[in-house]
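First the structure, in the form of structure tokens, and then the observations on it.
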Amino acid sequence: MEQKILRVIKKEYEQLSKKLDRIRIWSIHPLEGLPSNIDLIHPVHPRLAKYRFYLFRNLKIEVVFVCKQLNRATDIGSQKFIGFCSFDPFIVHSLRWKFYLLSSGIDKIVSHWEKLFLWPSFRIQEIENFINTKLNSYFTE
């Protein structure tokens, strides 16, 4: 089952690689035979094993997608993640810089990362309340 899921993931990456100039992925899952414009980076530090970090780039835009594993499942089909995506150039470049440092095995930076980027958890009602009150007010004025 896990090999089947990895084949599907690889196929999706191959499709994306046709639309993007460069894809860089930090992940513990090995994928062989990826197109040349996809870099797969295996994190050195064990604390990074629970993160997945993706950089997507073409001539017009750079995108970062970061997620953290919420459970301890080792089977790829049972893993659950939470994360975010950003198109903001400052966030993309800042996170890329941090992950380059982290993936090179610098332990103090990992500790710093964990302290600064606490992953919030919200109930769905809190998110809906935010969207219906504050967020809507930004777009209606």
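Considering only heavy atoms from C-beta on, I25 comes within 4.5 Å of Y13 through its side chain.
Heavy-atom minimum distance, I38 versus E14: CD1-N, 4.4 Å. For the residue pair S17 and N37, the shortest heavy atom distance occurs at O-ND2, 2.9 Å. Taking each heavy atom of F81 and K50 in turn, the nearest pair found is CE2-O, 4.2 Å.
Remark: Y54 engages F65 in a ring-ring contact (aromatic ring centres under 6.0 Å, His included) (not counting sequence neighbours). When the side-chain contact (heavy atoms from CB on, under 4.5 Å) test is applied to P89, the partners found at least two apart in sequence or on another chain are H93. Under the side-chain hydrogen bond (donor to acceptor under 3.5 Å, both in side chains) criterion, Q69 pairs with N71, sequence neighbours left out. The side-chain contact (heavy atoms from CB on, under 4.5 Å) search around N58 returns L20, D21, K60, I61, not counting sequence neighbours. Under the rule for a side-chain hydrogen bond (donor to acceptor under 3.5 Å, both in side chains), H42 has no partner lying at least two apart in sequence or in another chain. A search for side-chain hydrogen bond (donor to acceptor under 3.5 Å, both in side chains) contacts involving D39 returns R22, R24, not counting sequence neighbours. The side-chain hydrogen bond (donor to acceptor under 3.5 Å, both in side chains) check on S94 picks up nothing, with sequence neighbours excluded.
Note on W26 and F84: same hydrophobic cluster, where clusters join Ile, Leu, Val, Met, Phe, Trp and Tyr whose side-chain heavy atoms are under 4.5 Å apart, directly or indirectly.
Sparse packing is recorded around CZ of F87, with 12 or fewer heavy atoms of other residues, nucleotides or ligands lying under 6.0 Å away.
Note: L40 CG to L34 CG = 6.0 Å, rounded to the nearest 0.5 Å. Here the CZ atom belonging to R7 is positioned 11.0 Å from the NZ atom belonging to K11, to the nearest 0.5 angstrom. One finds the CD atom of Q79 at 7.5 Å from the OG1 atom of T74 (value rounded to the nearest 0.5 Å). Summarising the geometry, atom CD belonging to E62 is positioned 11.0 Å from atom OG belonging to S86; distances are rounded to the nearest 0.5 Å.
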